[in-house]
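Since the structure comes first, as structure tokens, the remarks are kept for the end.
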Amino acid sequence: MSCLTLQASALTFPAPPYSNTLSNDSQDNASKNISSISLLRKCRTFKEIPPIHANILKNGHQNDPFIVFELLRMCSKTNSINYAFEIFHHIREPNVYLYTVLIDGVVLSGLYLDSIRIYCQMVEDLILPDNYVISSVLKACGFQMELKFGREIHGQATKLGLCSNRSVKLRLIELYGKCREFQDAKRVFGEMPERDVVAATVMISCYSDHGLAEKAVDVFNLVRIKDAVCWTAIIDGLVRNGEMSKALKFFRRMQREGVRPNEVTCVCILSACAQLGALELGKWVHSYLEMHDIDVNHLVGSALITMYSRCGDIDEAERIFNVLRERDVTTYNSLIMGCALNGKSGKAVEMFQGMITKGIRPTNITFIGVLTACSHGGLVDLAFDIFDSMETKHGIEPEIEHCGCMVDLLGRVGHLEDAYKFIWSMKITSDHIIWGSLLSACRIHKHFDIGERVAQVLVDIGDADSATFILLSNFYAAQGKWEAAAQARVKLQDGGVRKEPGCSSIEVENEIHEFLLGDTRHPKREEIYKKLEDLNQMLRLKGYSPDTEVISQDIGDQEKKWALAIHSERLAICYGLISTKPHTTIRVVKNLRVCSDCHSAIKLITEITGRNIVLRDRNRFHHFENGICSCGDYW
DNA sequence: GTAGGGTTAG
């Protein structure tokens with residue numbers, strides 16, 4: 001057997017320091033064994049384990065494989081893998097059961113390479129693998145994407161006659177699926193006696209992981225009796241591939257077919273609601289959780305907080321946070337980012353400081369949240385303090401996203417030269433996103449000299465995407481350099497990259513209605529455009545005149561005014577005005593940044609109609625009320 | 001007397 005391509009170097013197995021007096025077979029010892037085992041099985045936290053372990057040592061049971069098995073199992077269940085290693089090192093002759101339970105624990109801790117090494121050690125010790133240990137090590141190979149070694153294990157399993165085992169087959173499908181070897185995954189899937197719902201679920205999530213949502217749906221359709229987990233896998237796959245409407249359709253179908261969603265299903269649907277800004281559906285899921293007594297653990301809690309905060313209801317997000325039974329870093333991350341997006345910078349910083357005081361360790365995501373908050377709130381000094389503390393106090397190396405927050409912040413407050421220097425001083429390589437963010441700030445602050453330098457860098461680094469060409473085009477257009485602007489547009493088309501069209505959506509009676517620029521596809525288009533015309537007249541009476549500078553194409557003034565008036569967010573707002581009750585809040589989600597002209601127009605629209613309007617754009621929330629926006633015209 | 005099916009925040 002040649003499985004030693006990976007060295008068993010990380011782990012050594014010292015000789016046992018204990019004397020090897022095995023317990024005798026007396027009735028007394030047997031009952032002690034059973035009581036240790038049942039005690040261990042009752043453990044819920046790690047701190048209960050050492051006293052029992054001490055007792056086992058005292059009674060000389062440290063070499064009883066059944067007791068040690070239970071000890072190791074409890075260590076991995078209570079997330080104490082180092083203690084498990086310690087125990088394992090002292091076992092004289094570990095058998096396949098003990099190796100398996102250790103490998104499982106190591107896999108659970110995410111130490112996939114270590115678990116593979118332990119398996120190698122086992123084979124070196126001439127212990128014959130069984131289907132359980134093969135399944136365990138295959139799981140490690142899948143998560144580590146260790147295809148070559150995984151194939152070797154597959155070969156060993158075939159020689160040992162273990163490949164007919166269902167668990168082994170499931171793990172093989174998972175291994176090949178995670179490694180994008182779908183031919184092999186399908187071959188094993190086809191060998192399964194029936195179209196197995198669990199195997200199908202594995203296939204579905206692997207296809208979804210690799211962006212192959214259609215293939216995932218094909219597999220899903222093959223399954224005759226679909227359970228909640230299988231439904232959840234396809235819904236989650238669609239959500240993660242950006243197919244929100246399809247995901248919601250599957251969710252409705254799931255309920256029509258009488259399959260009860262579980263808490264994981266709810267997390268996935270809440271994530272879809274958060275991305276769509278579908279508050280009504282999100283609320284429905286929330287009440288569903290309450291009605292069906294589904295446990296709101298920290299993941300469900302985080303999903304609820306994210307849903308409410310991304311739908312603009314930050315008060316409800318805070319309320320959920322406050323009543324949660326368990327709060328961990330994920331719940332904090334969700335609310336910190338929620339506060340940041342909703343313009344509550346102070347609250348976000350307060351939460352961040354609070355979690356540190358409570359001893360909860362922040363993650364890289366926490367810093368993206370709190371730095372975004374600083375950026376949106378213009379808190380320069382505080383942002384630098386926090387940014388510097390990442391490495392010095394928290395041992396987290398800043399990534400490009402964190403640097404991006406800093407550049408965004410310096411750009412917003414008009415410190416453009418500082419931002420420029422900051423990018424050059426970064427330890428990590430800059431990208432077109434960070435330079436693009438600075439270019440955008442240069443355009444807003446009309447700092448064309450720095451902008452020209454930034455534009456040159458962007459052209460030089462040559463990894464520009466469609467958004468970059470649009471930024472460049474808009475930058476030149478803002479200076480009236482129409483030819484350069486047009487050239488950037490030509491490059492955009494030459495590169496075969498298309499501009500992401502501006503799209504706004506609004507949820508009315510549980511339906512999501514989407515609008516593009518000048519969209520005329522909606523069944524109520526006539527009423528919508530009539531409303532738009534009425535509003536335009538009222539806007540003119542209020543002294544509003546369109547700021548045509550924001551339109552960067554070289555077209556006539558009259559055309560520019562029209563192009564602004566039919567921006568997708570205005571169409572969505574008009575649909576909201578005609579289809580919802582007076583005084584209710586209108587909530588619109590836009591995929592791009594709102595332009596300054598629409599921003600001014602919407603402020604006036606809240607004055608004219610007496611409605612509150614909540615607009616979520618690509619970067620943040622704008623809560624419009626009585627002619628004022630929560631962003632303080634600073635975004 | 002030792003043992004597991006798949007799905008989860010940003």
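Quick note on labels: first sequence line is chain A, next is B, and so on, each numbered from 1. We use all heavy atoms of the structure for the numbers below, so side chains are in, but hydrogens, waters and symmetry mates are not.
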Side chain to side chain donor-acceptor pair (under 3.5 Å) pairs touching residues 219-231 of chain A, sequence neighbours excluded, are none

Closest to side chain of A:Arg240, choosing from B:dG4, B:dT8, B:dG5: B:dT8

Of the listed nucleotides B:dT7, B:dG6, B:dG1, the one nearest the side chain of A:Val202: B:dG6

Taking CG from A:Asn262 and P from B:dG6, how many angstroms apart are they, rounded to a whole number? 14 Å

Give me the residues of residues 323-337 of chain A where at least one heavy atom lies under 4.0 Å from an atom of DNA chain B, by number, or none. A:Thr330, A:Asn333

Pi stacking test for A:Tyr97 and B:dA3: under 5.5 Å apart, planes under 30°: no

Let's go through A:Thr100 and A:Ser136 carefully: what are the C-alpha distance in whole Å and the side-chain angles of both, what is the deciding distance for side chain to side chain donor-acceptor pair (under 3.5 Å) to 0.1 Å, and is it a yes or a no? CA-CA 7 Å; A:Thr100 309; A:Ser136 299; 5.6 Å; no

Go through the structure and list residues passing side-chain hydrogen bond (donor to acceptor under 3.5 Å, both in side chains) with A:Asp315, not counting sequence neighbours. none

Side-chain donor/acceptor contact of A:Thr201 with base of B:dG5 under 3.5 Å: no

Short side-chain N/O contact from A:Arg41 to OP1 or OP2 of B:dA3, under 4.0 Å: yes

Whether A:Arg327 engages the ring of A:Tyr332 as a cation-pi pair (distance to the six-membered ring centre under 6.0 angstrom, angle to the ring normal within 45°) should be assessed. no

Going by an N to O cut-off under 4.0 Å, is there a salt bridge joining A:Glu316 and A:Lys283? no

Taking the minimum atom-to-atom distance to the side chain of A:Phe69, which one of B:dA3, B:dT7, B:dG1 wins? B:dA3

Counting only side-chain heavy atoms from C-beta out, which of B:dA9, B:dG6, B:dT7 sits nearest to A:Ala233? B:dT7

Worked check of ring pair (Phe, Tyr, Trp, His ring centres under 6.0 Å) between A:Phe220 and A:Phe250: CA-CA 11 Å; A:Phe220 180 81; A:Phe250 273 81; 5.6 Å; yes

Among B:dT7, B:dG5, B:dT2, which is the nearest nucleotide to the side chain of A:Arg171? B:dG5

So, OP1 or OP2 of B:dA9: does either fall under 4.0 Å of a side-chain N or O from A:Arg310? no

Reckon A:Asp209 touches a base, only the sugar-phosphate, or nothing at all at heavy-atom distances under 4.0 Å? nothing

Taking CZ from A:Arg166 and C1' from B:dA3, how many angstroms apart are they, rounded to a whole number? 15 Å

Answer with base, sugar-phosphate or nothing: what part of the nucleic acid does A:Asn297 contact at a heavy-atom distance below 4.0 Å? nothing

Please work out if A:Val197 contacts a base, only the sugar-phosphate, or nothing of the nucleic acid, heavy-atom cut-off 4.0 Å. base

A:Asp196 bridged to A:Arg166 by N-O distance under 4.0 Å: yes

Taking the side chain of A:Arg73 as its heavy atoms from C-beta onward, which of B:dA9, B:dG4, B:dT7 lies nearest to it? B:dG4

State which of B:dT7, B:dA3, B:dG6 makes the closest approach to the side chain of A:Asp130. B:dA3

Would you indicate which nucleotide in B:dT2, B:dA9, B:dT7 comes nearest to any side-chain atom of A:Leu299? B:dA9

